[in-house]
S.K.: 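Here it is, the structure, as structure tokens.
Note that the coordinates shown come from a computational prediction; the quantities given were computed from them, not determined experimentally. Quick note on labels: first sequence line is chain A, next is B, and so on, each numbered from 1.
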Amino acid sequence: MMRLPDNRRRWRSQSQELRPGELFQRRFLLLKALIVVLFGVLVLQLARMQIVDYASYHTRAENNRLRTIPVLPARGLVYDRNGEQLVSNQPIFSAAVVPADVPHDQLLPVVAGLAEITGIPPNEIASDIENAKKKDPFTPLVVKPNIDDQTAFQLRERQSSLPGVQVLVESVRRYADGALVSDVLGFVGRIDEEEYADLKDDGYLLNDRLGKAGVEYSYESVLRGIAGYRIAEVDAAGKEVNALQTVDPRPAGNLVLSIDADLQRHVTQYLQAAMGSSQNASAIVMDVRTGELLSLVSLPAYDNNILTEPIDEARLDALFRDPAKPMVNHAIAEVNPPGSTFKMVTGTAALQEGVATTSTTITSHGSISVQDEYTPGRVWVMRDWAVLGTMDFYHGLAMSSDVYFYYLSGGYYQNGETLFDGLGATRLARYARDYGLGTPTGIDLPGEAAGNVPDPSWKEETVGEVWTLGDTYNFGIGQGYLTVTPLQLARITAAIANGGDLLTPRVAKQVEDDQGNVLQAFQTKVARKLSVSADNLTIMREAMRQAVVYGPARTGASSQVTIGGKTGTAEFGEQLANGRYVYSHAWYTGFAPYDNPEIAVVVFLEKGVGATNGGPVAKQIFDYYFQRQHLAEGEQP
Amino acid sequence: VNNRIVRLRDFDPLLLLAALGLVTLGMLLIYSGSLSQSGKPAMSDFSHPVVRQAAFAIIGLGLALVFARVDYRVLGSLSYVLYVASLAALAAVLIIGEATHGSRRWIDVGGTPVQPSEIAKLVVVLTLAKYFSDHQETIGSLRVVLTSLVIAALPAALVFAQPDLGSALIFAAIWLGMVTVAGAQWKHLLGIIGAAVVAVPFAFIALVTDYQRERVALWLDPERDPLGAGFQAVQAQIGIGSGGLWGKGLTHGTQTQLDYLRTQTTDYVFSVLAEEIGFVGAVVLFLLVAILLWRALRVAELSRDLLGRLVATGLVIYVLLQTFINVAVNVGLMPVTGIPLPFVSQGGSSLITLFIGLGILQSILIRHRPFSFRDFYS
């Protein structure tokens with residue numbers, strides 16, 4: 001029995017039917033070997049993938065499955081100092097597509113569907129998708145912003161057949177008053193390529209928006225808040241299946257401006273009426289105690305809603321081509337010679353340096369003759385605006401005598417003899433810089449200009465000519481190479497009014513949360529204490545008060561309050577035969593109340609005369625401001 | 001024809017159990033793979049994929065028992081008729097077939113899609129076995145080898161035209177395996193293989209469609225467009241790799257459940273397995289297939305005649321290659337081609353064909369003993 005299997009096999013192998021058995025067994029072995037080899041290959045490959053490279057596949061599966069979806073807080077609102085809302089957020093629908101969620105073989109139908117619904121050419125959509133795939137395939141690419149409700153509905157209905165397509169609800173800004181505060185508010189626009197490259201590490205997205213001008217720009221981080229995110233499980237079509245983790249965004253702060261919208265409205269109205277043929281004009285009302293700007297008007301203004309989606313291309317184009325440059329904030333970005341308003345600086349510098357006292361008397365015969373330093377025998381005649389006779393310091397400033405300030409700045413010489421020692425250009429320049437000229441004020445708005453404070457070395461370097469006595473005289477009366485912005489002048493007036501604090505101006509008062517709790521109150525910043533003594537500033541204030549009583553600055557005198565003021569008429573353009581110029585800029589600056597100053601005002605008109613055109617605007621501003629104040633006080637017993 | 005006794009005791013339950021094990025595993029994976037499909041019917045509905053698969057398995061099991069009763073030699077005699085009918089069916093696919101994923105593979109028979117290429121594989125196994133057993137004295141001649149090549153090449157060409165490169169490869173492999181085991185001379189085999197190797201580049205240019213060329217290109221570098229056409233291959237590999245040793249748990253595969261896979265109940269069912277039950281699950285699958293092949297090889301070894309031996313050999317090669325190509329495509333070792341995983345993938349044609357094959361194996365098995373007096377005494 002034990003040997004039976006062997007017997008049987010021998011019997012079988014001898015059988016006629018199984019004659020090729022030997023061959024069969026050998027080839028059969030090959031088949032068995034093949035089975036082992038093929039399964040071996042599969043097991044090895046699986047072991048490589050599932051055990052050796054497990055970690056990297058695991059990561060890729062998680063990356064597939066999980067998507068971090070940014071959650072942006074609503075952009076912060078902006079209010080004026082009295083709580084008037086200046087901007088609101090308005091939701092719009094946008095047609096968008098997530099490039100990563102468009103399967104390769106579905107690209108054509110998706111593009112065709114989008115093109116049909118939005119009316120954007122299909123090749124444009126396709127190339128945009130290809131571009132976005134390389135940069136950030138997971139952020140929705142906006143194909144067409146601001147689609148109407150019906151288009152949005154149509155798109156939503158067809159979403160299931162157009163994988164990756166989304167209807168985004170985006171938020172755009174609506175500015176309540178348009179042009180009224182646009183120079184302060186600025187506007188918000190879509191992020192461009194350069195900005196995205198800079199900001200993507202700060203959480204900005206490819207389809208993001210950000211402040212491009214004004215406080216929308218300078219307070220971007222406050223108004224944007226901090227984006228939160230949601231980690232969600234998504235399916236292959238990009239559809240969210242469930243949210244696994246949510247980090248709420250930190251709500252944006254609401255910005256309260258120091259701007260008084262009611263005052264701004266009136267200032268705009270007064271300035272507009274006085275503009276005449278001026279290409280531009282600006283007016284500033286500044287709190288001399290804090291540096292807060294209550295009003296900042298630059299004309300012509302622009303409606304910042306034009307720059308907010310949906311963009312009106314025709315109006316935008318007109319805006320860019322307007323020669324008056326409405327988008328330039330003329331109050332902070334435009335520089336012009338300050339004219340006689342600069343006598344505030346020359347005067348206080350002369351007092352401080354002992355060049356003059358209140359009793360220094362100088363006589364104006366209507367002009368002053370200057371020997372040319374380099375051409376013997378040649379005489380320059382520097383004119384005064386009138387024959388003003390003999391004046392002390394108060395009269396000299398109040399009457400805005402040019403001759404008086406030629407003496408203070410340049411001195412007076414006759415036949416090689418010094419009859420009066422002046423400040424000299426270098427000392428005057430030092431005081432000009434001390435008053436903050438030649439550098440930006442540091443206001444919390446973008447695009448501020450620095451202006452220019454000339455001195456001999458500057459002229460040699462820049463103009464390539466030697467500084468002359470005539471240059472010093474011109475400098476002393478705010479003409480020639482000296483340029484300032486209206487804001488810089490307002491800051492000087494404020495510093496004189498408040499006793500010597502050169503303040504950093506600002507338009508933001510505080511940041512609040514939605515309940516009105518103050519999150520951050522901006523503090524008064526004193527850039528420096530002037531090097532002019534308080535006594536000398538008191539003299540200047542008195543001189544400015546007198547200017548309003550009997551000098552050219554009386555056109556700015558208010559019926560409501562005692563003010564101190566100073567006019568400026570800076571000539572420019574072609575010089576006429578009589579030595580005058582074709583055009584002049586009109587300046588007026590003042591402060592009030594005289595006894596206990598609260599506000600400083602600057603008015604600038606591109607064409608005009610300080611007393612004739614600038615003064616009346618300032619008067620209206622002072623009148624309105626204090627009338628309103630008196631009314632408010634009368635109501636509160 | 002020699003009379004042989006039919007001994008039902010020789011019926012191999014292990015062969016059937018291995019197959020049923022694979023079918024059960026397949027139904028679990030089909031269940032999991034179809035969870036995320038939108039608009040899927042309820043489990044109580046006959047059109048639910050798992051219910052359909054169970055129904056096909058029951059039909060298949062019944063057919064297996066029927067074919068076990070039928071003498072395989074009778075089938076052998078009928079094979080030429082079946083062969084011509086298969087060619088006709090394959091030709092019909094090209095004319096009236098339903099197109100899916102860029103190729104025509106199905107014909108609609110009373111609302112049920114039928115894939116004739118699956119049945120044709122079994123018929124070619126029978127036909128080749130019959131031809132070789134009829135010509136076993138002259139198997140050493142080139143004429144017989146070439147004739148057998150034509151038998152395999154005709155259906156292969158028709159399948160290739162669908163286009164279904166994977167099934168065409170299966171026909172080639174079945175022929176090569178069977179002609180080798182049948183005892184062809186090495187010089188003939190090597191000559192034909194050599195000619196084929198030389199012809200491949202030309203065939204690739206002349207015959208292979210852009211669709212297939214793109215698939216080969218993507219197989220060589222699926223990452224070159226991971227969001228586009230290489231998506232399927234890359235996502236399947238991510239699923240498999242991220243399954244790790246133990247898998248993410250049945251119905252918990254993120255790639256599977258979040259729709260990153262396509263055809264995840266048919267051609268890519270292995271990805272579901274590897275993702276959800278991991279390397280261990282894959283080894284279990286391979287063990288079940290190995291048991292099946294081992295028992296089928298045993299049938300070939302026990303068979304008393306060349307016909308039975310070659311039928312069993314052909315079926316082993318069919319299941320082996322089908323399994324290998326399917327898994328190799330899933331794990332990125334071969335270009336994408338739609339081959340079902342035997343007994344596991346959703347699909348009636350493949351399942352029923354395989355069960356019929358099992359029945360034929362049992363038919364060979366219970367008829368492998370010669371008439372013996374011992375049987376009377378036992």
S.K.: Is the shortest side-chain heavy-atom distance between B/E301 and A/Q25 below 4.5 Å?
M.R.: yes
S.K.: Does any heavy atom of chain A fall under 4.5 Å from the side chain of B/W246, the backbone, both, or neither of them?
M.R.: neither
S.K.: Based on non-hydrogen pairs under 4.5 Å, which of B/G177, B/G247, B/G253, B/A274 is most in contact with chain A?
M.R.: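 Highest number of heavy-atom pairs under 4.5 Å: B/A274.
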S.K.: Within residues 199-207 of chain A, which positions have a heavy-atom distance to chain B below 4.5 Å?
M.R.: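 Counting heavy atoms that sit under 4.5 Å from chain B, no residue of residues 199-207 of chain A is involved.
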S.K.: Does any heavy atom of chain B fall under 4.5 Å from the side chain of A/L30, the backbone, both, or neither of them?
M.R.: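 For A/L30, the contact with chain B is made by the side chain alone.
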S.K.: So which residues of residues 144-156 of chain A are in contact with chain B at a heavy-atom cut-off of under 4.5 Å?
M.R.: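 Residues of residues 144-156 of chain A touching chain B at under 4.5 Å: none.
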S.K.: Any residues in residues 42-59 of chain A near chain B, with a heavy-atom distance under 4.5 Å, and which are they?
M.R.: A/L42, A/V43, A/Q45, A/L46, A/A47, A/M49, A/Q50, A/I51, A/Y54, A/Y57, A/H58
S.K.: Could you state the interatomic distance from CZ (B/F324) to CG (A/L34), rounded to the nearest 0.5 Å?
M.R.: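 Going from CZ on B/F324 over to CG on A/L34, the span is 8.5 Å.
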S.K.: Taking the side chain as every heavy atom from C-beta outward, state whether B/L293 and A/F39 have any atom pair closer than 4.5 Å.
M.R.: yes
S.K.: Is any side-chain heavy atom of B/T254 closer than 4.5 Å to one of A/L66?
M.R.: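 The answer is no, as the side chains (C-beta and beyond) never meet within the 4.5 Å cut-off.
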S.K.: Looking at every heavy atom in both B/V179 and A/R27, which two are closest together, and how far apart are they?
M.R.: O-NH1, 4.3 Å
S.K.: Between B/T323 and A/L38, is there a side-chain heavy-atom distance shorter than 4.5 Å?
M.R.: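 Sidechains of B/T323 and A/L38: no contact.
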S.K.: Nearest 0.5 Å please: distance from the CG atom of B/L320 over to the CG atom of A/L31.
M.R.: 7.0 Å
S.K.: Please enumerate all residues that pass side-chain hydrogen bond (donor to acceptor under 3.5 Å, both in side chains) together with B/Q264, with sequence neighbours excluded.
M.R.: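 side-chain hydrogen bond (donor to acceptor under 3.5 Å, both in side chains) list for B/Q264, sorted by chain: empty.
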S.K.: With a 4.5 angstrom heavy-atom cut-off, could you sort out which part of B/V283 is near chain A: side chain, backbone, both or neither?
M.R.: neither
S.K.: Would you mind checking which part of B/L261 comes under 4.5 Å of any heavy atom in chain A, side chain (CB onward), backbone (N, CA, C, O), both or neither?
M.R.: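 No part of it gets close to chain A.
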